[in-house]
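Report on the structure given below.
Letters A, B, ... mirror the listed sequences (proteins, then strands); counts begin at 1.
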Amino acid sequence: MNRIYNHGSAVEIKNLSVALSRKTVLDKITFQVDTGEFAGIIGPNGAGKTTLLRSMLGLVPVNRGEVFVLGSQLTEIKDIRTRVGYMPQRQSFERRFPLSAGDVVATGLLSAQTLLRRLPGRDGKVKQALQAVGMENYYHRPFQDLSGGEQQRVLLARSLVKKPELLLLDEPNAGLDFPAQQSFVELLRELKETERLTIILVSHDLISIAPAADKLICINRTMHTHGSPTEVLQSPHLDEAYRCQFDYLSSFGEKEGWKQ
Amino acid sequence: MSEILAYGFMQRALLAALLVGILCSTISFFVVLKRLSFLGAGISHTALGGIAIGLVTGLDPVLTGGIFAVGTAMSTGQISRLGEISEDTVIGIFYASGMALGIALISSFKGYYPELFSLLFGNILAVSRQDLVVMGIALVGIMLFVLLFLKELLMICFDEEMAVAGGLPVGPLYLALLAAMGLTVMVSIQLVGVVLVSALVVIPGAVASRVCGNYRGMLAVSLAVGLTGSICGLFISYFYPLPPGAAIVLVLAVIFAAATVVRLLFERKWRLQYSQDK
């Protein structure tokens with residue numbers, strides 16, 4: 001088996017197949033995301049986007065293929081966990097939970113290594129992460145009292161609190177109104193520069209992600225197309241993946257000056 | 001008051017109410033946060049199967065019921081974690097099967113089981129020194145577990161997916177929490193009985209969630225409510241012809257109703273204030 005890893009890439013996936021409950025969810029997925037890139041994984045509902053993201057964290061069993069994350073194979077995922085930030089889908093957490101914004105961010109510091117131990121430098125790290133997302137004044141505010149957009153920023157701070165090199169985000173824009181989506185994606189672009197992050201964001205919403213992404217990867221159970229946003233939006237494979245016509249988007253992308 | 005405490009059985013009952021009050025309100029905090037209320041009812045009713053095994057075989061029914069309660073709690077967590085069946089379906093099956101086993105055994109082995117009525121409806125006044133020792137050991141063990149793993153348990157209740165992704169031992173910690181819940185239910189059965197015990201592991205946390213916005217306050221209020229309910233219920237049952245179990249649960253229900261009314265009044269006041277400010 002070919003085990004060559006490209007050193008310029010933050011994530012490299014080769015011929016990945018995943019089956020859950022005896023059903024093939026992903027098949028023959030191959031792509032790479034270079035260090036410092038902002039990549040968007042797009043596809044219709046049920047395309048396997050979340051499973052693909054979770055496979056990068058070793059949270060789903062891989063049937064075939066190889067996954068390299070920050071130069072390590074999934075078998076060594078324990079060693080790189082602190083270098084990867086993760087923001088799961090909105091429905092994964094309890095919206096009405098009695099924690100302050102600061103407490104929520106601090107949960108991002110927990111790991112197997114912190115069991116039975118205090119969290120060293122907790123407050124400083126939490127404040128820094130909240131500051132990075134413009135929420136430094138929300139440290140003591142009850143998480144359940146925040147708006148959807150503010151909660152998303154706090155959860156983003158949680159995924160940044162360990163100072164990761166790679167950030168994996170699962171549908172962070174779902175349920176937000178359009179201005180909140182735009183502001184969130186803009187924040188991600190800023191963080192990519194200031195924190196020198198590689199970002200992989202899963203979304204079914206092309207419009208909110210395409211303007212900010214360096215690369216789009218379009219899947220629907222299998223690989224359909226990948227490349228710059230303009231290339232992907234002009235590709236006939238996009239229509240196949242979504243099973244609908246995207247003609248108007250290709251010209252929209254050119255007008256808006258999306259990445260060629 | 002001093003006259004009440006002159007009786008040995010009342011001293012033991014008061015100590016039992018204190019121990020069980022602390023234990024149930026601590027577990028209740030997690031039951032409400034993790035939405036496990038139905039599991040509380042499921043565990044207690046399934047325990048009837050274990051209690052019946054104890055009664056017909058001559059073993060200690062609290063021990064056999066305890067094994068059943070902890071086994072049910074852990075099996076529910078383990079089976080639902082496999083992802084094929086939802087947690088409430090598993091609880092529903094265990095709930096009915098445990099009850100059916102209990103009824104079948106008790107009706108098949110004809111005999112006189114004086115403890116059965118106490119275990120069904122509780123009899124705090126019959127608590128022995130040995131029972132207090134068991135309650136004390138359960139309290140120390142469970143409080144130690146909660147204190148040592150509080151931040152991890154909170155994380156699991158808040159966002160299990162992130163806890164797994166962060167590398168926390170979510171499966172073992174969750175199963176241990178369920179086992180603690182099973183144990184709590186079983187030692188509390190002597191206080192209020194199989195039929196009413198689920199109220200003790202639900203209402204204190206539910207009241208706290210109505211009035212507190214942070215977990216530290218919620219834990220403190222849950223503790224205060226649990227202790228108030230169990231001690232007030234015990235004293236009410238001394239002065240009025242009410243079974244202690246029922247009195248304790250009724251006091252807790254009144255506290256919950258009061259907390260709900262107070263919250264509604266405050267919400268109305270906030271809404272009025274907000275609309276005036278605008």
Side chain / backbone / both / neither for [X] at chain B, heavy atoms under 4.5 Å:
X        : value
A:Leu110 : both
A:Arg141 : neither
A:Ser100 : neither
A:Ile77  : neither
A:Asp103 : side chain

Who wins among [options] for the most heavy-atom pairs under 4.5 Å with chain B?
options                             : result
A:Leu57, A:Val84, A:Thr114, A:Thr82 : A:Thr114
A:Gln113, A:Lys162, A:Arg117        : A:Arg117
A:Met87, A:Arg54, A:Gln144          : A:Arg54

Identify the two heavy atoms, one from [X] and one from [Y], that lie closest to each other, and give their separation to 0.1 Å.
X        : Y        : answer
B:Met218 : A:Pro98  : SD-CG, 3.6 Å
B:Gly213 : A:Pro142 : O-CB, 4.3 Å
A:Leu116 : B:Glu152 : N-OE2, 4.5 Å
A:Tyr86  : B:Ala165 : CD2-CB, 3.4 Å

Any side-chain heavy-atom pair from B:Lys151 and A:Leu119 closer than 4.5 angstrom?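 Yes; the side chains approach each other to less than 4.5 Å.
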A:Arg158 side chain reached by B:Asp159 side chain, heavy atoms, under 4.5 Å: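 When only atoms from C-beta onward are counted, A:Arg158 and B:Asp159 do touch, with a gap below 4.5 Å.
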Check each atom of B:Tyr215 against the heavy atoms of chain A and say whether the ones under 4.5 Å are side chain, backbone, both or neither.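 Both parts, backbone and side chain.
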Checking heavy atoms, do the side chain of B:Leu150, its backbone, both or neither come under 4.5 Å from chain A?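 Neither; nothing under 4.5 Å.
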Check the pair A:Thr107, B:Leu154 against side-chain contact (heavy atoms from CB on, under 4.5 Å), reporting the backbone distance first and the verdict last. CA-CA 9 Å; A:Thr107 62; B:Leu154 277 172; over 6 Å; no
Is atom CZ of B:Arg263 surrounded by more than 12 heavy atoms (other residues, nucleotides or ligands) closer than 6.0 Å?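 Yes, enclosed.
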What do the steps show when you test A:Asp170 against B:Glu161 for side-chain contact (heavy atoms from CB on, under 4.5 Å), and what is the final call? CA-CA 12 Å; A:Asp170 194 356; B:Glu161 169 85 355; over 6 Å; no
